[in-house]
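Being a predicted model, the structure only gives us computed values, none of them experimental. Every heavy atom of this structure was used, including side-chain atoms; hydrogens, water molecules and symmetry mates were not.
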Amino acid sequence: MADQKLIVVLGATGNQGSSVVNTFLKDTAWRVRGITRNPSSAKAKALSARGVEVVQADMDDVSSLSVAFRDANAVFVVSDFWGIYGALAQQNKDTSEKPLNLLAGEIELQQLKNAIDAASQVPGLERFVLSTLSNVTKWSREKYTHVYHFDLKARASAYVEEAHPEQWAKTSLFQAGLFLNTYVESPNFIPQKASTNISQNADGIAHFITTMAADFKLPWIAAEEDTGPFVKALVQEKPGKNLIAYREWATLREMVKAFQNASETKSEVVVAPRDEPNEFLPPDLKLEIDEGFLYFEEFGYEGRDDPTVVHPSQLENPPKLDTMEQYFRKLDFSRIFSA
Ligand SMILES: NC(=O)c1ccc[n+]([C@@H]2O[C@H](COP(=O)([O-])OP(=O)(O)OC[C@H]3O[C@@H](n4cnc5c(N)ncnc54)[C@H](OP(=O)(O)O)[C@@H]3O)[C@@H](O)[C@H]2O)c1
């Protein structure tokens, strides 16, 4: 349709972006352009088959983003700290001057600046939604300064305001809560087996092993399902929102209880000592993760003293989302317990 609006989605093949794609594909008032580095990947081809205009671009290359963002009415931007870290780790970089996680964060910040700069040049842009996280250094009053996958995203949000005030007036921030899928799908994800996996012990109890305290409230999101409904609300509502996005505000123990109900398998949190070395985490990431968990507990995942943060209930039209238990009920538990 000629009068359709265009949303351009970075990370269209990933958790957050794919959810944005899925939500906007269902609305005939919108057409969807999805960005990938590799249009011939299976995921990118599947997007094309579903009517997404797939465009090749790379966040390292601002000119490719400028082409990809052309004619957009709305742009959703997400960056991939862990992908950058993983790629650097394979390069055997010299880390004597700078730890890999700081280097990854700096690359992530530059990629986000590239996307922000490219979007600022789009004449008809109405809404810019940036996937970000809270500023740990600032909201912990400099108690925790090594949580780069949060801080560098927060610096990118600040950059929109500082460098592009006109674009800032069209911007809303999307802070994704903790992903539920990390806890059930990613045994090799960064906290890896020693700190955050599920393993069934000899008594048949599912142990969620973590160094995070189990009884403070956290924002939990099914990023691959919930991001789209939240981003649509942010696109349709007035700009200027800084949303902490979640389907449930619950403790780790409550999340595990939801898993127990869904799996009908006794499930427990096992809080492991933080001061022991972690064979699965290099020291830079152990510090990053440890400080992150302490920050969540003491200062709030979203930076609870940040007066700009809004919760889903404060949206004009909060999306209706499933519960954590409904999310877990869809899982193949035999696969999880045999992992
Ligand atoms: N795990 C959690 O609990 C949690 C919570 C909040 C926020 N986060 C943040 O979520 C982010 C990852 O988001 P996600 O899980 O939605 O992504 P994801 O599923 O890991 O996928 C990464 C996406 O980024 C795209 N991408 C990566 N590098 C790119 C580049 N240079 N240029 C263009 N596109 C690029 C990939 O596209 P192609 O491969 O197709 O090019 C892919 O679509 C991380 O930064 C993390 O810090 C995670």
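- For the residue pair Glu268 and Val256, the shortest heavy atom distance occurs at N-CG1, 3.9 Å.
- To the nearest 0.5 Å, atoms CD (Gln236) and CZ (Arg127) are separated by 10.0 Å.
- Applying the side-chain hydrogen bond (donor to acceptor under 3.5 Å, both in side chains) test to Asn135 and every residue at least two apart in sequence or in another chain returns nothing.
- Side-chain atoms of Thr182 do not come within 3.5 Å of backbone N or O of Leu178 as any donor-acceptor pair.
- Met59 and Phe174 fall into different hydrophobic clusters, defined by Ile, Leu, Val, Met, Phe, Trp and Tyr side-chain heavy atoms under 4.5 Å apart, directly or through other members.
- A heavy-atom distance below 4.5 Å is not found between the side chains of Tyr85 and Leu103.
- Taking the ring centre of Phe128 as origin, the terminal cationic atom of Lys170 falls outside the region bounded by 6.0 Å and 45° from the ring axis.
- By the criterion of side-chain heavy atoms lying less than 4.5 angstrom apart, applied directly or through intervening Ile, Leu, Val, Met, Phe, Trp or Tyr residues, Val55 is not grouped with Val32; the two fall into different hydrophobic clusters.
- Using a 4.5 Å cut-off between side-chain heavy atoms of Ile, Leu, Val, Met, Phe, Trp and Tyr, with links allowed through other members, Val77 and Val20 fall into different hydrophobic clusters.
- The nearest pair of heavy atoms linking Phe81 to Gly105 is CE1-N, 3.6 Å.
- At a threshold of 4.5 Å between non-hydrogen side-chain atoms, the residues Asp306 and Asn242 count as touching.
- When all heavy atoms of Thr145 and Thr137 are compared, the closest pair comes out as CA-OG1, 3.5 Å.
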(message) Apply side chain to side chain contact (heavy atoms under 4.5 Å, CB included) to residues Phe333 and Thr265 and explain how you reach the verdict.
(response) CA-CA 9 Å; Phe333 294 102; Thr265 302; 5.9 Å; no
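- Smallest separation of non-hydrogen atoms from Val78 and Leu10: CG1-O, 3.5 Å.
- Within the 4.5 Å cutoff, no side-chain heavy atoms of Val231 are placed close to those of Thr23.
- Side-chain atoms of Leu102 and Glu106, non-hydrogen and from C-beta on, do get closer than 4.5 Å to each other.
- Side chain of Asp305 to backbone of Trp139: no donor-acceptor contact under 3.5 angstrom is found.
- In this structure, Phe150 and Phe296 have tilted ring planes: the angle between them lies in the 30° to 60° band.
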(request) For side chain to side chain contact (heavy atoms under 4.5 Å, CB included), just list the numbers for Arg33 and Leu6, CA-CA rounded to whole Å, side-chain angles, deciding distance to a tenth of an Å, and then say yes or no. (result) CA-CA 7 Å; Arg33 183 181 295 155; Leu6 171 65; 3.5 Å; yes
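- Looking only at side-chain heavy atoms (C-beta outward), Trp249 and His311 come within less than 4.5 Å of each other.
- Summarising the geometry, atom OG belonging to Ser267 is positioned 10.0 Å from atom NZ belonging to Lys257; distances are rounded to the nearest 0.5 Å.
- A side-chain N or O of Glu288 and one of His149 form a donor-acceptor pair less than 3.5 Å apart.
- Taking each heavy atom of Glu302 and Ser134 in turn, the nearest pair found is O-CB, 3.3 Å.
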(message) ring-ring contact (aromatic ring centres under 6.0 Å, His included), that's the test. Do Trp220 and Tyr183 meet it? Break it down for me.
(response) CA-CA 11 Å; Trp220 296 99; Tyr183 285 78; 5.4 Å; yes
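- Of the inter-residue distances, the one linking Asn114 atom CG with Ser79 atom OG reads 11.5 Å to the nearest 0.5 angstrom.
- Ser19 places no side-chain N or O within donor-acceptor distance of the main-chain N or O of Asn15, the cut-off being under 3.5 Å.
- Ring-plane geometry between Phe299 and Tyr295 is classed as parallel, the angle between the planes falling under 30 degrees on a 0 to 90 degree scale with a further cut at 60.
- Looking only at distances, no side-chain donor or acceptor of Thr251 sits under 3.5 Å from a matching main-chain atom of Asp215.
- Judged purely by atom type and a 3.5 angstrom limit, Ser172 uses its side chain to pair as donor or acceptor with the backbone of Lys241.
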(request) Would you sort out whether Ile116 and His164 count as a side chain to side chain contact (heavy atoms under 4.5 Å, CB included), showing the intermediate values? (result) CA-CA 8 Å; Ile116 291 161; His164 301 293; 3.7 Å; yes
(request) Could you walk me through whether Glu224 and Tyr327 pass side chain to side chain donor-acceptor pair (under 3.5 Å), step by step? (result) CA-CA 11 Å; Glu224 70 278 26; Tyr327 178 83; 2.7 Å; yes
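- Side-chain atoms of Asn22 and Arg50 include a donor-acceptor pair closer than 3.5 Å.
- The cluster map of Ile, Leu, Val, Met, Phe, Trp and Tyr, joined by side-chain heavy atoms under 4.5 Å apart, puts Val21 and Ile35 in different clusters.
- When the side chains of ILVMFWY residues are joined at heavy-atom separations under 4.5 Å, either directly or via intervening members, Trp168 and Leu112 end up in a single hydrophobic cluster.
- Interatomic distance, NZ of Lys26 versus NZ of Lys232, reported as 9.0 Å (0.5 Å rounding).
- Between Thr13 and the choices Asn38, Leu47, Val54, the side chain to side chain contact (heavy atoms under 4.5 Å, CB included) rule is met once, by Leu47.
- Here the closest non-hydrogen pair linking Glu225 and Arg247 is OE1-NH2, 2.8 Å.
- Once rounded to the nearest 0.5 Å, the distance linking CD of Gln175 with CD1 of Ile244 reads 4.5 Å.
- Counting heavy atoms from C-beta outward, Ser263 and Phe328 have side chains that stay 4.5 Å or more apart.
- Although no hydrogens or angles enter the test, the distance criterion places a donor-acceptor pair under 3.5 Å between the side chain of Ser140 and the main chain of Tyr144.
- Counting only distance, with no hydrogens or angles, the side chain of Thr210 and the backbone of Val271 share no donor-acceptor pair below 3.5 Å.
- Side-chain contact between Val8 and Phe76: absent, with no pair of heavy atoms (C-beta onward) separated by less than 4.5 Å.
- A donor-acceptor contact shorter than 3.5 Å links the side chain of Asp151 to the backbone of Val136.
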(request) Dump the intermediate steps for side chain to side chain contact (heavy atoms under 4.5 Å, CB included) on Glu316 and Lys238, then the final yes or no. (result) CA-CA 9 Å; Glu316 291 154 39; Lys238 288 193 202 77; 4.2 Å; yes
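- With Arg31 contributing its side chain and Gln4 its backbone, the two residues share no donor-acceptor pair below 3.5 Å.
- More than 12 heavy atoms of other residues, nucleotides or ligands sit less than 6.0 Å from atom CD of Gln91.
- Only one option out of Glu298, Glu297, Glu291 pairs with Lys143 in a salt bridge (Lys or Arg N to Asp or Glu O under 4.0 Å); it is Glu298.
- By the ring-ring contact (aromatic ring centres under 6.0 Å, His included) test, Trp30 is found to be paired with Phe24, residues two or more places apart in sequence or in another chain being considered.
- Here the side chains of Asn73 and Ile7 are not in contact, with every heavy-atom distance at 4.5 Å or above.
- Note: Glu237 CD to Leu243 CG = 9.0 Å, rounded to the nearest 0.5 Å.
- Applying the 6.0 Å contact sphere to NZ of Lys138 captures no more than 12 heavy atoms from other residues, nucleotides or ligands.
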